[in-house]
Amino acid sequence: MFKTILLAVDMNDLPESGHVAEAAVRMAQCEGARLHVINVIPGSGMAMVGSYLGPDQANAIKSEAAEKLKSWAAEAIPEALLGELHVMQGTIYHEILKMAQKVGADVIVVGANRPALKDYLVGPNAARVVRHAPQSVLVIR
């Protein structure tokens, strides 16, 4: 049913990403699917902030994130299942949806924030992916 899976991880929350990755790996093993992994670095927001950082700093941040993702994926995902690793910068949900389209993902796997007593909503990025994705989305708690 699923041949290409896109796993969205947050490298700033590795314990939660590990939990989500375990579910995606099990799914890929059962389905015989390739597992692509994306980490999105949030955009710098205001143009003034982006211009202050400059392209060299933005490239350094992206390179560091790519190395961190590569190291993490080597431990978390069996090599036989691993497709490509993608590090993007921009609006998180938008970049996830774009990458899902680019790799031809049949399903997107995302994590959700654990709800507090006052908050029983899926995180804002996961919710937007669920609402706007044309493919199935599996939200892992």
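Index from 1, following the sequence.
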**Q.** Residue pair Trp72, Val37: steps toward the side-chain contact (heavy atoms from CB on, under 4.5 Å) verdict
**A.** CA-CA 11 Å; Trp72 174 84; Val37 183; 4.2 Å; yes
Inter-residue atom distance [X].[atom1] - [Y].[atom2], 0.5 Å rounding:
{"X": "Phe2", "Y": "Ser136", "atom1": "CZ", "atom2": "OG", "result": "4.5 Å"}
{"X": "Met99", "Y": "His94", "atom1": "CE", "atom2": "NE2", "result": "11.5 Å"}
{"X": "Gln135", "Y": "Ile5", "atom1": "CD", "atom2": "CD1", "result": "12.0 Å"}
{"X": "Leu82", "Y": "Lys70", "atom1": "CG", "atom2": "NZ", "result": "11.0 Å"}

Q. Can you tell which of Ile77, Ile96, Ile108 makes a side-chain contact (heavy atoms from CB on, under 4.5 Å) with Leu7?
A. Ile77
**Q.** side-chain contact (heavy atoms from CB on, under 4.5 Å) partner of Ile61, chosen from Ile41, Asp56, Val87
**A.** Ile41
Between [X] and [Y], what is the shortest heavy-atom contact and its length?
{"X": "Thr4", "Y": "Gly104", "result": "CB-O, 3.7 Å"}
{"X": "Val130", "Y": "Val137", "result": "CG2-CG1, 3.8 Å"}
{"X": "Gly111", "Y": "Val139", "result": "C-CG1, 4.5 Å"}

Q: Please determine if Lys68 and Glu64 form a salt bridge, counting it only when a charged side-chain N lies under 4.0 Å from a carboxylate O.
A: no
Can you confirm whether [X] sits close enough to [Y] that some side-chain heavy atom of one is under 4.5 Å from a side-chain heavy atom of the other?
{"X": "Met11", "Y": "Leu69", "result": "yes"}
{"X": "Leu81", "Y": "Val25", "result": "yes"}
{"X": "Ile140", "Y": "Val109", "result": "yes"}

Q.
Please check if the number of heavy atoms outside Gln29 that lie under 6.0 Å from its CD is greater than 12.
A. yes
I'd like to know if the side chain of [X] and the backbone of [Y] have a donor-acceptor N/O pair within less than 3.5 Å.
{"X": "Glu31", "Y": "Met1", "answer": "yes"}
{"X": "Ser71", "Y": "Glu67", "answer": "no"}
{"X": "Arg34", "Y": "Ala28", "answer": "no"}
{"X": "Ser17", "Y": "Asp10", "answer": "yes"}
{"X": "His36", "Y": "Leu6", "answer": "no"}
{"X": "Asp106", "Y": "Lys3", "answer": "yes"}

Q: For the pair Val103 and Glu84, evaluate side-chain contact (heavy atoms from CB on, under 4.5 Å) and give the outcome as yes or no after the intermediate values.
A: CA-CA 9 Å; Val103 301; Glu84 293 180 49; 5.7 Å; no
Q: Output all residues satisfying salt bridge (charged side-chain N to carboxylate O under 4.0 Å, His left out) with Lys98, sequence neighbours left out; order by chain, then residue number.
A: Glu95
Q | Test log, rule side-chain contact (heavy atoms from CB on, under 4.5 Å), inputs Leu97 and Val129 | A | CA-CA 7 Å; Leu97 294 171; Val129 170; 4.2 Å; yes
